[in-house]
Amino acid sequence: MLQIYNTLTRQKAPFVPLNPQQIRMYVCGMTVYDYCHIGHARVMVVFDIVYRYLCQLYGKDKVTYVRNITDIDDKIIKRANDNHEPMDTLTERFIAAMHEDSQALGILSPNQEPRATRYMDEIIAMTAELEHKGFAYRAANGDVYYDVSRFAPYGKLSGRQLDELRAGERVAVDEAKDDPLDFVLWKAAKPGEPSWDSPWGPGRPGWHIECSAMSTQCLGTHFDIHGGGMDLQFPHHENEIAQSCAATDAPFANVWMHNGFVRVDNEKMSKSLGNFFTIRDVLKRYVPEVVRYFILTSHYRSPLNYSDQQLDSARAALTTLYTALREVTPAAGAVDAVYRTRFLAALDDDFATPEAMSVLFDLAHLINRHRQTDPVTASAYAFELKSLADILGLLQTDPISFLQGASQGDDVAITALIAQRNAARKAKDFAESDRIRDALLAKGVVLEDGPGGTTWRRN
RNA sequence: GGCUGAGUAGCAGAGUGGUUAUGCAGAGGAUUGCAAAUCCUUGUACGUCGGUUCGAUUCCGGCCUCAGCCUCCA
């Protein structure tokens, strides 16, 4: 049975859907003012695995996955101004880029990708409801704030008390707020800013309210899983809980999942530190599957250190797996069930992908061992390997394509040289044969003489 | 300062109260014209100091170190 670590309780617990016919998951997605970096890739991949596995367990049509897009906020406005372009043009461009990146990484599309600007009615309605119930107040500057003192469980998700939060206050106190911890629901428009009409005059939503409004609208007041990066735990998710529970009188999300950060040189990869690598830059040097594999080599809650060495290692590991699948035709057949059992048990244990991936190597070894002596068994294990790896979104491309990489226009020349070399070998002209192989190796092409002839791959 | 989490062999990264994780890299052997790939063999690692225990890397406590959150952030 699937166990998931719940940030709310700080322990793993069996996952019990509210309705097994309709599993509902909401993940906080991107703020679209720049290209996605590897940290964003991790969120996408991690929750892609959660989504895939829930589909595996409950059926694809039984799972609803919503990942929002924040397309209105301070940084977006600033960037649009800096670029002298309309905000919509900016956000559309980066939404398109995000979709390119996520498709490249083999991320399954969420069922819905709500954008804040398209849920303005719901955002305003929820804010009004909070004001009506006395959880929100209008400040002298025209902003509407949430009154955290009215929400008794405030701090539960992040394990904090209001007084210790106040003690650690590091930010200049905003005079408009009754309490420094109160957060903004609605910002009164400043000159030149995009704004929407509201009962409080023209303005725009605060960051947190959009997720409460959109998750409620898309999934209902009470749903199964809410996810996002570690850094969203506080204050974003804490505030979402405060808003939603107060506005709807419903429990909101049952399970809170937070993925760990990608690090560079032992530091969080982030925009502000400037130590980030965009997905598209990394994809210029490594094929998407290598990036996906790399992300899955560590457990989703652990830190993940980014380095070329790690990506090289991931590529080498994938080469091993694809080499096992080469020259074997996957076909369903009799296999020892222990591998599937181990694999699924690993994923059942809070999505333990490193553990699950170790099973893939066991299967690869079985294929290699049986390849010559028992091709039927080898084919059966190849089928099992592909089938299990599919749950992780791995090993679904053609092995030859992976091993030889994208055509560089020299495939015909390589094939011709191989023919020449084999002619030389047949004539026992090994000096010539080795010369050709060394020449190809210099171009990054490795030849492999096997019983079925000579094959090649790029290293 | 408060609150989280973490410290495992060369690197990465699982896991367990006493018995091989796994991958990459390395060593030896088989195989190969030579290679590559593959197969076989191979690594006595668990921050530190105490405690519990017949026995702890695994449980408990102190300490040290690191990261994250407390401000926008996946």
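Lettering follows sequence order; numbering is per chain, from 1.
- Distance, A/Ile418 CD1 to B/A36 C1': 12 Å, rounded to whole Å.
- The nearest heavy atom of RNA chain B to A/Thr323 and to A/Asp231 marks one nucleotide each, and the one closer to the 5' end goes with A/Thr323.
- B/U58 and B/U19 have their C1' atoms separated by 14 Å, given to the nearest Å.
- Rounded to whole Å, atom P of B/C34 lies 11 Å from atom NZ of A/Lys428.
- The same atom, P, is picked in B/G13 and in B/G68; the two are 16 Å apart, to the nearest Å.
- Applying salt bridge (Lys or Arg N to Asp or Glu O under 4.0 Å) to A/Asp48 and the options A/Arg42, A/Arg67, A/Arg292 leaves one that passes, A/Arg292.
- Across B/U22, B/A37, B/G68, the shortest atom-to-atom separation from the side chain of A/Phe361 is found for B/U22.
- At least one side-chain nitrogen or oxygen of A/Thr320 sits closer than 4.0 Å to the OP1 or OP2 atom of B/C24.
- With P as the reference atom, B/G43 and B/G5 are 36 Å apart, rounded to whole Å.
- Using cut-offs of 30° and 60° on the angle between ring planes, the pair A/Tyr300 and A/Phe351 is perpendicular.
- Contact annotation for A/Arg421: base contact, defined as any heavy-atom pair under 4.0 Å involving a base atom.
- When ring centroids are compared, A/Tyr33 and A/Phe94 stay outside the 6.0 Å threshold.
- If you take CZ of A/Arg10 and P of B/C3, they are 12 Å apart, rounded to a whole angstrom.
- Of all heavy-atom pairs between A/Lys268 and A/Leu273, the closest is O-CD1, 3.2 Å.
- The base of B/C34 is paired with the side chain of A/Asp449 by a donor and an acceptor separated by under 3.5 Å.
- Taking the six-membered ring where tryptophan is involved, the planes of A/Tyr26 and A/His226 are tilted, since the angle between them lies from 30° to 60°.
- Nearest nucleotide to the side chain of A/Gln310, out of B/A12, B/A21, B/G23: B/A12.
- When rounded to the nearest whole Å, the span between CG of A/Asp312 and C1' of B/G13 equals 17 Å.
- Rounded to whole Å, the distance from CE on A/Met357 to C1' on B/U22 is 10 Å.
- Contact annotation for A/Gly159: backbone-only contact, meaning every heavy-atom pair under 4.0 Å involves sugar-phosphate atoms and none involves a base.
- For the P atoms, the distance from B/C59 to B/G18 is 11 Å, rounded to whole Å.
- Comparing A/His299 and A/Tyr5 along RNA chain B, the residue whose closest nucleotide (by nearest heavy atom) sits nearer the 5' end is A/Tyr5.
- Between the side chains of A/Asp281 and A/Thr278, at least one donor-acceptor pair of N or O atoms lies under 3.5 Å.
- With respect to the salt-bridge test (charged N to carboxylate O, under 4.0 angstrom), the residues A/Arg437 and A/Glu432 do not qualify.
- Nucleotides B/A25 and B/U32 are separated by 23 Å at their C1' atoms, to the nearest Å.
- Across all strands shown, A/Gly450 has no heavy atoms under 4.0 Å from either base or sugar-phosphate atoms.
- A ring-centre distance under 6.0 Å is found for A/His258 and A/His237.
- Counting non-hydrogen atoms under 4.0 angstrom, A/Leu232 reaches the backbone sugars and phosphates but no base.
- Annotation: B/C60 and B/A56 have their P atoms spaced 16 Å apart (nearest Å).
- Following rounding to the nearest Å, A/Asp349 (CG) and B/A21 (P) show an atom-to-atom distance of 18 Å.
- Rounded to an integer number of Å, the gap from A/Leu311 CG to B/A12 C1' is 12 Å.
- Within 3.5 Å, a donor on the side chain of A/Arg437 pairs with an acceptor on the base of B/A35, or the reverse.
- Residue contacts for A/Phe261: at a heavy-atom cut-off of 4.0 Å it reaches a base atom on one of the strands shown.
- When the nucleotides B/C11, B/G23, B/A36 are ranked by their closest atom to the side chain of A/Ser313, B/G23 comes out on top.
- Residue A/Ala317 has its side chain nearest to B/G23 when only B/C11, B/G23, B/C69 are considered.
- With hydrogens and angles ignored, no donor-acceptor pair under 3.5 angstrom links the side chain of A/Ser302 to the base of B/G5.
- At the heavy-atom level, A/Arg457 lies under 4.0 Å from the strands shown only through sugar-phosphate atoms.
- The listed nucleotides are B/G13, B/A74, B/C40; the one nearest the side chain of A/Arg369 is B/C40.
- Note on A/Asn368: only backbone sugar-phosphate atoms sit closer than 4.0 angstrom, heavy atoms only; bases stay farther off.
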| field | Pairing annotation in dot-bracket form, given for RNA chain B with Watson-Crick or G-U pairs under 3.5 Å and | for cross-strand partners | value | (((((((..(((.....[...))).(((((.......)))))....(((((..]....))))))))))))....
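- Distance check on atom P: B/C63 versus B/G2 gives 12 Å, rounded to whole Å.
- Contacts of A/Thr455 with the nucleic acid, taken as non-hydrogen atoms under 4.0 Å apart, are absent.
- Salt bridge status for A/Asp390 with A/Lys386: absent, with no side-chain N to carboxylate O gap under 4.0 Å.
- Nucleic acid contact class of A/Val262 (heavy atoms, under 4.0 Å, all strands): base.
- Note on A/Lys271: nothing from the nucleic acid sits closer than 4.0 angstrom, heavy atoms only.
- Nucleotides B/C66 and B/A30 have their C1' atoms positioned 45 Å apart, rounded to a whole Å.
- The side chain of A/Met30 lies closest to B/A74, out of B/A74, B/A37, B/C34.
- Taking the six-membered ring for Trp and the full ring otherwise, the centers of A/Phe47 and A/Tyr65 sit at least 6.0 Å from each other.
- As a whole-Å value, the separation of A/Asn266 CG from B/G7 P is 13 Å.
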